[in-house]
Amino acid sequence: MPDYSSIAHNLEQCRTRIPEGVTLVGVSKFHPAEAVLEAYNAGLRHFGENRVQEIVAKAPALPPDIKWHFIGHLQTNKVRKLIGIPYLIESVDSEKLLRIIDDESRRAGVTSRVLMQVHVAREETKFGFSPDELIGFFSKRAFESLTNTHICGIMGMASNTDDSDRVSADFRLIAATFAQIKQVAPDLRGFDTVSMGMSHDFPLAIAEGSTEVRIGTAIFGQREY
Ligand SMILES: *Cc1c(COP(=O)(O)O)cnc(C)c1O
């Protein structure tokens, strides 16, 4: 039986560094339901997963008041299985995916809440819109034809580097993109979430205006893939 006794303590340590008004999402990917429950019992209600098969298996086995965040790359052929489960899909990285989420949500009779993923990091492998693409998307009011999808904000990641100036600059660009979207589409309702910051960089993200941090390792320990 693995030892989950450090989870509540880790969570407390994180909380002391997260101001009121910033949502803490515990990223529980690759960790078992018992680990989620340990954090749940310590008061955490927002959890993040990045694989459809894992969230589909975990969600029904855990308390129904958990707010699940889907944070991984979402393949279009898996959207139907996912719809209805997450509180927030944070990783919308193409207009095509957005359309499919909207279609499948309509078909299921639900409204999906989503974030648009913006790519600013140096790594080429990360998914998402460039800041210009995203501002263009909102300028042309491409969101107006959505019937069953509510865009609640944006999500992004900083470069994976020890250079904290670089990381802060990435977060600043994500926050500036968010501000610019609000300028080009001031009538957007409930567009209020800037999801940025992970275990190793969340204090920098908060300093640049994050409203939601996604923390895995610092709460649950190393993942075993
Ligand atoms: C895994 C993951 C996290 C959490 O990463 P940690 O370094 O373990 O805190 C946050 N965001 C996304 C998108 C992830 O895939």
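When a ligand or atom number is given, it counts from 1 through the structure's own listing order. Counting begins at 1 with the first residue of the sequence.
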Do the side chains of Met196 and Met157 get nearer than 4.5 Å, heavy atoms only?
no
Side chains of Met116 and Phe138 in contact at under 4.5 Å (non-hydrogen atoms)
yes
Kindly identify the option in Thr217, Ile71, Ile219, Ile215 whose heavy atom sits closest to atom 8 (O) of ligand 1.
Thr217
Among Arg223, Met198, His69, which one puts a heavy atom closest to atom 3 (C) of ligand 1?
Met198
State whether [X] and [Y] are salt-bridged, where the test is any N-O pair (Lys NZ or Arg NE/NH1/NH2 against Asp/Glu carboxylate O) under 4.0 Å.
| X | Y | answer |
| --- | --- | --- |
| Arg99 | Asp102 | no |
| Asp187 | Lys182 | no |
| Glu54 | Lys29 | no |

Based purely on interatomic distance, does His200 place a nitrogen or oxygen under 3.5 Å from a nitrogen or oxygen of ligand 1?
no
Is the shortest N/O to N/O distance between Asn50 and ligand 1 below 3.5 Å?
no
By side-chain contact (heavy atoms from CB on, under 4.5 Å) - contacts of Asp163 (at least two apart)
Thr161, Asp165, Arg166
Taking only heavy atoms of [X], which atoms of ligand 1 are found under 4.0 Å from at least one of them?
| X | answer |
| --- | --- |
| Met157 | 13 (C) |
| Gly216 | 4 (C), 6 (P), 8 (O), 9 (O) |
| Lys29 | 1 (C), 2 (C), 3 (C), 14 (C), 15 (O) |

Identify the closest protein heavy atom to atom 6 (P) of ligand 1: which residue and atom is it, and at what distance?
Ser199 OG, 3.5 Å
Residue, atom name and distance, where the atom is the protein heavy atom closest to atom 11 (N) of ligand 1:
Arg214 NE, 2.8 Å
Is the NZ or CZ atom of Arg51 positioned over Phe30's six-membered ring, under 6.0 angstrom from the centre and within 45° of the axis?
yes
